[in-house]
Protein chains: 2
Amino acid sequence: MDVLKRKSEILKAISQPTRLRILEILREGERCVCDMIPQLGEEQANVSKHLSILRQAGLVDFRKNGVSSFYRTRYGEIYKIIDLAEEIVKKEVLKTAELVKEMGLKR
Amino acid sequence: MDVLKRKSEILKAISQPTRLRILEILREGERCVCDMIPQLGEEQANVSKHLSILRQAGLVDFRKNGVSSFYRTRYGEIYKIIDLAEEIVKKEVLKTAELVKEMGLKR
DNA sequence: TGACAATATTACTATATTGTAAAACAATAT
DNA sequence: ATATTGTTTTACAATATAGTAATATTGTCA
């Protein structure tokens, strides 16, 4: 097994916008697909496909109860990763704000 | 600006195997493109393109010195993200190892 | 100036990804 | 048995991405 490729797969699976939103929902704990669909406002088939990508990437577990499927995240690290990405965004915003401030002063 | 989209962009930029390798080289500090190419064993044009993707994603800074370009990482968070992905891989390996052990005992 | 070296860009092809629509499944209710 | 509900899978079209080859750009040096 190639660790590099595996790391790439994991990060790629996390990186897609709809999947980020799914993971955000699962941050709270186990959730039924039927609950995710309205929250996401995406086609049911689309949600299902993104869930299957997260499954294939080994990032989520799921169990079936009757006709319903319940998903949950497998690794807390996923959220640490997402939060770090958010920190980068925050830093960017901060940098831009400072730049604006500087430009303002120089008028 | 859409934070979700930006997070997605950042993680996607990091997730590609060749770019992960580039970022691994830059972990040590600023590096010249001319040093990266032989280390990566990839086409010059390909390396250049991946660097431009990292630039566009705002993850690296670069400066020119004569004909050479020197790149460096902009955010330490990038490496925290990569290391967390590696932790997930390690956990997976551990799980598999335990499974193998269990199966071994049950023979 | 002209040649060379390092890097970036463009053009192109092959492959992957996303979203949607339609069909298939499986569990439950009628 | 048939219908219904929740979910997954398949098929397809549009778009994005990665890699390679060729070309352009820029700085340096003879």
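Every chain is numbered from 1 and lettered A, B, ... according to where its sequence line falls, protein lines coming before strand lines. Side-chain atoms are counted along with the backbone in the values below, which use heavy atoms only and exclude waters and symmetry mates.
Residue A:Ala45 has its side chain nearest to D:dT9 when only C:dG19, D:dT9, D:dG27 are considered. Ranking C:dT18, C:dG19, D:dG6 by closeness to the A:Ile53 side chain, first place goes to C:dT18. Nearest to the side chain of A:Lys12, among C:dA27, C:dA16, C:dG19, sits C:dA16. Taking the side chain of A:His50 as heavy atoms from C-beta on, and the options C:dG19, D:dG6, D:dG19, the nearest nucleotide is C:dG19. Nearest nucleotide to the A:Glu43 side chain, out of D:dG27, C:dT20, C:dT7: C:dT20. Considering only the side chain of B:Glu42, D:dT20 comes nearest among D:dA18, C:dT7, D:dT20.
B:Gln44 comes within 4.0 angstrom of a base, heavy atoms only. Within the nucleic acid shown, A:Tyr71 comes within 4.0 Å of sugar-phosphate atoms alone, with no base atom in reach, counting heavy atoms only. Residue B:Ser68 is in sugar-phosphate contact alone, with no base atom involved, counting any heavy-atom pair closer than 4.0 Å across all strands shown.
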Problem - Check against salt bridge (charged side-chain N to carboxylate O under 4.0 Å, His left out), B:Lys80 and A:Glu87 - result: CA-CA 11 Å; B:Lys80 293 189 193 168; A:Glu87 263 189 58; 5.3 Å; no
Determine whether A:Asp35 and A:Ile25 satisfy the following criterion, side chain to side chain contact (heavy atoms under 4.5 Å, CB included), listing intermediate values before the conclusion. CA-CA 9 Å; A:Asp35 290 332; A:Ile25 290 172; over 6 Å; no
Does A:Arg6 form a salt bridge (charged side-chain N to carboxylate O under 4.0 Å, His left out) with A:Glu9? I'd like the steps, not just the answer.
CA-CA 5 Å; A:Arg6 192 70 195 94; A:Glu9 272 176 18; 2.9 Å; yes
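The CG-C1' distance, from A:Leu51 to D:dG6, rounds to 13 Å in whole Å. To the nearest angstrom, P of C:dT13 lies 18 Å from CG of B:Asn46. If you measure from atom CD of A:Gln16 to atom C1' of D:dA16, you get 12 Å, rounded to the nearest angstrom. As a whole-Å value, the separation of A:Arg63 CZ from D:dG6 P is 16 Å. As a whole-Å value, the separation of B:Lys49 NZ from C:dA11 P is 12 Å. Rounded to whole Å, the distance from CZ on B:Phe62 to C1' on C:dA8 is 10 Å. What separates CG of B:Leu54 from C1' of D:dT17 is a distance of 14 Å, to the nearest Å. In this structure, the CZ atom of B:Arg19 is 9 Å from the P atom of D:dT17, given to the nearest Å.
Where A:Gly66 and A:Pro17 each meet DNA chain C at their nearest nucleotide, the meeting point lying more 5' is that of A:Pro17.
A:Glu43 places no side-chain N or O within 3.5 Å of a backbone atom of A:Ala45 that could act as its donor or acceptor partner.
At a threshold of 4.5 Å between side-chain heavy atoms, the hydrophobic network of Ile, Leu, Val, Met, Phe, Trp and Tyr places B:Leu20 and A:Ile81 in one connected group.
Distances shorter than 4.0 Å separate some side-chain N or O of A:Thr18 from OP1 or OP2 on C:dG19. The side chain of B:Ser48 contributes no N or O atom lying less than 4.0 Å from OP1 or OP2 of C:dA6.
A:Arg63 and A:Tyr71 share no donor-acceptor pair across their side chains, judged by distance under 3.5 Å alone.
The partner of C:dA22, taking Watson-Crick or G-U wobble pairs whose two distances both stay under 3.5 Å, is D:dT9.
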